[in-house]
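Below, read A as the first sequence line, B as the second, and so on, with proteins coming before strands; counting in each chain starts at 1. As the structure is a computational prediction, the values presented were derived from the model and not from experiment.
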Amino acid sequence: MLQQTPVDRVLPVWQSWLERWPSAPALAQASQADALRAWGRLGYPRRAIRLHAAARAIVAEFAGQVPDTYEELRRLPGVGDYTAAAVLAFAFGQRSVVLDVNVRRVLRRAMDGIEHPTPATTAAERALAESLLPRRHDSAARWSAAVMELGALVCTSRSPKCGDCPIAQDCTWLNAGSPTGERPRQQAKFTGSDRQVRGLIMAALRDSPVAVQSIDYVWPDEAQRLRALVGLMSDGLIVETTKGWTLPQ
DNA sequence: CAGCCGTGGCG
DNA sequence: TCGCCAAGGCT
């Protein structure tokens, strides 16, 4: 849920989700449609499908127990480098290099003196993080949590609160006068995009099925609407039934 | 590797 | 108002 989504927005959904499905086997028994509805408006609904699929994989391949190795975690749908590393550190207390956008930004500024990290994680960056990570396992997980928090609350992308920063004296970027760097990546416009159309379709189907001949009220442009429907279908987020378009059961 | 995938709050 | 950006992952 936290992938590309602020903690404050995730928290209420996460709580009700775990109340309803407190374990992987519990989630595995739910329908995809129920998972998608419980996901609500968190965004990127493919994550809900992947989380649900991961729960079923955990049941099928790991006897219902979340695996505790990097390789096994990475086999689960929706689990990439960051998520696998985070689960190892924060759920299992292992020493793993957790490189999310917050950690990357803090290290970039403090150590390299550059405002923004590159779009993709580099080998040098990984080596640096590894060299800074405490050797003790419990200290390592605590360090990662602390740096992530520092990046999320103080060393933010826009208007960082350097006055509140505990490592301000040692920050290369701040000591260099906080030079403006290049933007990491520009995000495509959302209004009028296929993403918006997909979101509108998903929002409608979370409430109830929509008859095939009635779906055009969601978005007038037929070509774009069709593109969104085909995409959502191929992503396994919607299906066409006798009742019309619905969430997958 | 670049492009794509939601949503909402904030400056 | 509107662009920026958020505990990434996948193709």
Position toward the 5' end of DNA chain B (nearest nucleotide), A:A120 or A:G40: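 Going by which nucleotide is closer to the 5' end, it is A:A120.
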Most 5' of A:R41 and A:S159 on DNA chain B, judged by nearest nucleotide: A:R41
Nearest whole Å is fine: how far is [N] [atom2] from [X] [atom1]?
X: A:Q3; N: C:dC5; atom1: CD; atom2: C1'; value: 16 Å
X: A:L42; N: C:dC5; atom1: CG; atom2: C1'; value: 16 Å
X: A:K189; N: C:dT1; atom1: NZ; atom2: C1'; value: 13 Å
X: A:R183; N: C:dC5; atom1: CZ; atom2: P; value: 4 Å
X: A:R104; N: C:dG9; atom1: CZ; atom2: P; value: 12 Å
X: A:R75; N: C:dC10; atom1: CZ; atom2: P; value: 14 Å
X: A:R105; N: C:dC4; atom1: CZ; atom2: P; value: 16 Å
X: A:R126; N: C:dG8; atom1: CZ; atom2: C1'; value: 13 Å

Across the strands shown, which category fits [X] at heavy-atom distances under 4.0 angstrom: base, sugar-phosphate, nothing?
X: A:P45; answer: sugar-phosphate
X: A:G43; answer: base
X: A:D81; answer: sugar-phosphate
X: A:T156; answer: nothing
X: A:V101; answer: sugar-phosphate

Nucleotide interval of DNA chain B bounded by contacts with chain A (heavy-atom cut-off, under 4.0 Å):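 The footprint of chain A covers B:dC5 to B:dC10.
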For A:W173 against A:P179, the heavy-atom pair lying closest together: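 Distance-wise, the nearest heavy atoms are NE1-O, 2.8 Å.
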Closest non-hydrogen atom pair, A:V13 against A:L42: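 Residues A:V13 and A:L42, closest heavy atoms: CG1-CD1, 3.8 Å.
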Please set out all donor-acceptor pairs under 3.5 angstrom arising from side-chain atoms of residues 97-110 of chain A, sequence neighbours excluded.
{"unit_1": "A:D100", "atom_1": "OD1", "unit_2": "A:N102", "atom_2": "N", "d": "3.2"}
{"unit_1": "A:D100", "atom_1": "OD1", "unit_2": "A:V103", "atom_2": "N", "d": "2.9"}
{"unit_1": "A:D100", "atom_1": "OD2", "unit_2": "A:N102", "atom_2": "ND2", "d": "2.9"}
{"unit_1": "A:N102", "atom_1": "OD1", "unit_2": "A:R105", "atom_2": "NH2", "d": "2.9"}
{"unit_1": "A:N102", "atom_1": "OD1", "unit_2": "A:A152", "atom_2": "N", "d": "3.4"}
{"unit_1": "A:R104", "atom_1": "NE", "unit_2": "A:T121", "atom_2": "OG1", "d": "3.4"}
{"unit_1": "A:R104", "atom_1": "NE", "unit_2": "A:E125", "atom_2": "OE1", "d": "3.2"}
{"unit_1": "A:R104", "atom_1": "NE", "unit_2": "A:E125", "atom_2": "OE2", "d": "2.8"}
{"unit_1": "A:R104", "atom_1": "NH1", "unit_2": "A:T118", "atom_2": "O", "d": "3.2"}
{"unit_1": "A:R104", "atom_1": "NH2", "unit_2": "A:T118", "atom_2": "O", "d": "2.8"}
{"unit_1": "A:R104", "atom_1": "NH2", "unit_2": "A:T118", "atom_2": "OG1", "d": "3.2"}
{"unit_1": "A:R104", "atom_1": "NH2", "unit_2": "A:A120", "atom_2": "O", "d": "3.1"}
{"unit_1": "A:R104", "atom_1": "NH2", "unit_2": "A:E125", "atom_2": "OE1", "d": "3.1"}
{"unit_1": "A:R104", "atom_1": "NH2", "unit_2": "A:E125", "atom_2": "OE2", "d": "3.3"}
{"unit_1": "A:R105", "atom_1": "NE", "unit_2": "A:C155", "atom_2": "O", "d": "2.7"}
{"unit_1": "A:R105", "atom_1": "NH2", "unit_2": "A:G151", "atom_2": "O", "d": "2.8"}
{"unit_1": "A:R105", "atom_1": "NH2", "unit_2": "A:C155", "atom_2": "O", "d": "3.3"}
{"unit_1": "A:R108", "atom_1": "NE", "unit_2": "A:H116", "atom_2": "O", "d": "3.2"}
{"unit_1": "A:R108", "atom_1": "NH1", "unit_2": "A:D112", "atom_2": "OD2", "d": "3.4"}
{"unit_1": "A:R109", "atom_1": "NE", "unit_2": "A:E115", "atom_2": "O", "d": "2.8"}
{"unit_1": "A:R109", "atom_1": "NH1", "unit_2": "A:T156", "atom_2": "O", "d": "2.8"}
{"unit_1": "A:R109", "atom_1": "NH2", "unit_2": "A:E115", "atom_2": "O", "d": "3.4"}
{"unit_1": "A:R109", "atom_1": "NH2", "unit_2": "A:T156", "atom_2": "O", "d": "3.2"}
{"unit_1": "A:R109", "atom_1": "NH2", "unit_2": "A:S157", "atom_2": "O", "d": "3.1"}

Do NZ/NE/NH1/NH2 and the carboxylate oxygens of [X] and [Y] come within less than 4.0 Å?
X: A:D207; Y: A:R37; answer: no
X: A:R95; Y: A:D138; answer: no
X: A:R56; Y: A:E61; answer: no

Side-chain-base donor-acceptor pair under 3.5 Å for A:R158 and C:dC4: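 Present.
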Position toward the 5' end of DNA chain C (nearest nucleotide), A:Q187 or A:A84: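 That would be A:Q187.
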Any side-chain donor near an acceptor of the partner, A:T69 and A:E72, under 3.5 Å: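 Their side chains do contain a donor-acceptor pair, which is all the 3.5 Å distance test asks for.
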Exceeds 12 heavy-atom contacts within 6.0 angstrom, atom CZ of A:R74: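 More than 12 within 6.0 Å, yes.
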Short side-chain N/O contact to C:dA6 OP1/OP2 from A:S157, under 4.0 Å: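 For C:dA6, OP1 or OP2 has a side-chain N or O of A:S157 closer than 4.0 Å.
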B:dG8 to C:dG9 separation - P atoms, rounded to the nearest Å: 22 Å
Closest to the A:Q4 side chain, choosing from C:dA6, C:dC4, C:dG9: C:dA6
